[in-house]
Amino acid sequence: MFEDAGAARRMPEQGGLLEQVALRYRAPLNAYFRRRVPLAHECEDLTQEVLLRLARRGCDASIQNVQPYVFQIAASVLVDHFRRRNRHGADLTDSYEDEDFPAIESSPEQAMLGDERLSRLRQEIAGLPERARQAFVLFRFEGMKQAEIAERMGISVSAVEKHIKLGMIRLASAFAGAD
């Protein structure tokens, strides 16, 4: 499509400009977004958003360096994407339809074993020293960061790490060979 490296950075001269840019930069844009966005299916959407913004602004020959221009738009699209996620409180999960993940049928025996394991897990957590239990629960179940836990508990981050490690070791040893 482009004869030389310099031509790849300049906007094509006449009609079909957006199509030529889309053909040339779709794969590099997808790669750019794949390195920065945890959900792969969003990469093509973000690439489409870049092309849409190019179309709205009008692709014309006045743009001297196409590649930096395209990737500046991509950077703006990425910032907007993360702002929207933060504003709407979205986490890194998507909603899934039930047919994507069919229900797992379990026998009464499997349900009883699951209940027993859950009960044992609760007992093991309850058996942890108080500070270790508090740090472990805040980290593993509440999703708090270690620095936040340290501030909340009034201890150092390294102390939080030790408490969490103690909880994990005790639970791992309690459930080792249980399967």
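It should be emphasised that the depicted structure is a prediction, and the values quoted were computed from it without experimental measurement.
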Heavy-atom pair of closest approach, residues G127 and R170: O-NH1, 3.9 Å

Same hydrophobic cluster for V137 and I169, using side-chain heavy-atom links shorter than 4.5 Å among ILVMFWY? no

Using side-chain heavy atoms (C-beta onward) and a distance below 4.5 Å, is Q146 in contact with F139? yes

Value rounded to 0.5 Å, distance of CG in L171 from CG in L166: 9.0 Å

For E151, does the CD atom sit with more than 12 other heavy atoms under 6.0 Å from it, leaving out its own atoms? no

Give a yes or no on whether I164 and L121 share a hydrophobic cluster (residues Ile, Leu, Val, Met, Phe, Trp, Tyr; joining criterion: side-chain heavy atoms under 4.5 Å apart). yes

When you compare the side chain of E42 with that of H81, does any pair of heavy atoms fall below 4.5 Å? yes

Any idea which heavy atoms bring S107 and Q110 closest together, and the distance? N-OE1, 2.9 Å

Here the gap from F71 atom CZ to N65 atom CG, rounded to the nearest 0.5 Å, amounts to 13.5 Å

Would you give the length of the straight line joining atom CZ of R140 to atom CD1 of I125, rounded to the nearest 0.5 angstrom? 10.0 Å

Could you go through V160 and H163, starting from their C-alpha distance and side-chain angles, then the distance that decides it, and tell me whether this counts as side-chain contact (heavy atoms from CB on, under 4.5 Å)? CA-CA 5 Å; V160 170; H163 288 311; 5.6 Å; no

If you take all heavy atoms of A74 and L29, which pair is closest and at what distance? CB-CD2, 3.6 Å

Say whether V77 and F82 are linked into one hydrophobic cluster, either directly or through other cluster members, by side-chain heavy-atom distances under 4.5 angstrom. yes

Going from CG on L78 to CZ on R83, what distance comes out if it is rounded to the nearest 0.5 angstrom? 10.5 Å

Spatial distance of atom CZ (R117) from atom CE (M112) [nearest 0.5 Å]: 13.5 Å

To check you understand the geometry: which heavy-atom pair defines the closest contact between R133 and A126, and what is its length? NH1-O, 3.2 Å

Give the C-alpha distance, both sets of side-chain angles, the deciding distance and a yes or no for side-chain contact (heavy atoms from CB on, under 4.5 Å) between R131 and I155. CA-CA 10 Å; R131 303 290 270 179; I155 58 177; 3.0 Å; yes

N/O donor to acceptor pairs below 3.5 angstrom from side-chain atoms of residues 43-51, sequence neighbours left out:
| residue | atom | partner | partner atom | Å |
| --- | --- | --- | --- | --- |
| E44 | OE1 | N30 | ND2 | 3.0 |
| E44 | OE2 | R26 | NH1 | 2.5 |
| E44 | OE2 | Q48 | NE2 | 3.0 |
| T47 | OG1 | N30 | OD1 | 2.9 |
| T47 | OG1 | C43 | O | 3.0 |
| E49 | OE2 | R53 | NE | 3.1 |

For atom CZ of R36, decide whether the heavy atoms of other residues, nucleotides or ligands shown that lie under 6.0 angstrom number more than 12. yes

Side-chain heavy atoms of S119 within contact of R122, under 4.5 Å: no

Side-chain contact test, heavy atoms from C-beta onward, threshold under 4.5 Å: evaluate it for M168 versus F136 and give yes or no. yes

Gap separating the OH atom of Y25 from the CD1 atom of I73, nearest 0.5 angstrom: 11.5 Å

Side chains of I149 and K145, heavy atoms from C-beta outward: is any pair under 4.5 Å? no

Do L52 and F33 share a hydrophobic cluster, counting only Ile, Leu, Val, Met, Phe, Trp and Tyr and linking them when any side-chain heavy atoms are less than 4.5 Å apart? no

Mind running side-chain contact (heavy atoms from CB on, under 4.5 Å) on R57 and Y69 for me, showing each step along the way? CA-CA 12 Å; R57 292 178 185 168; Y69 183 69; 3.5 Å; yes

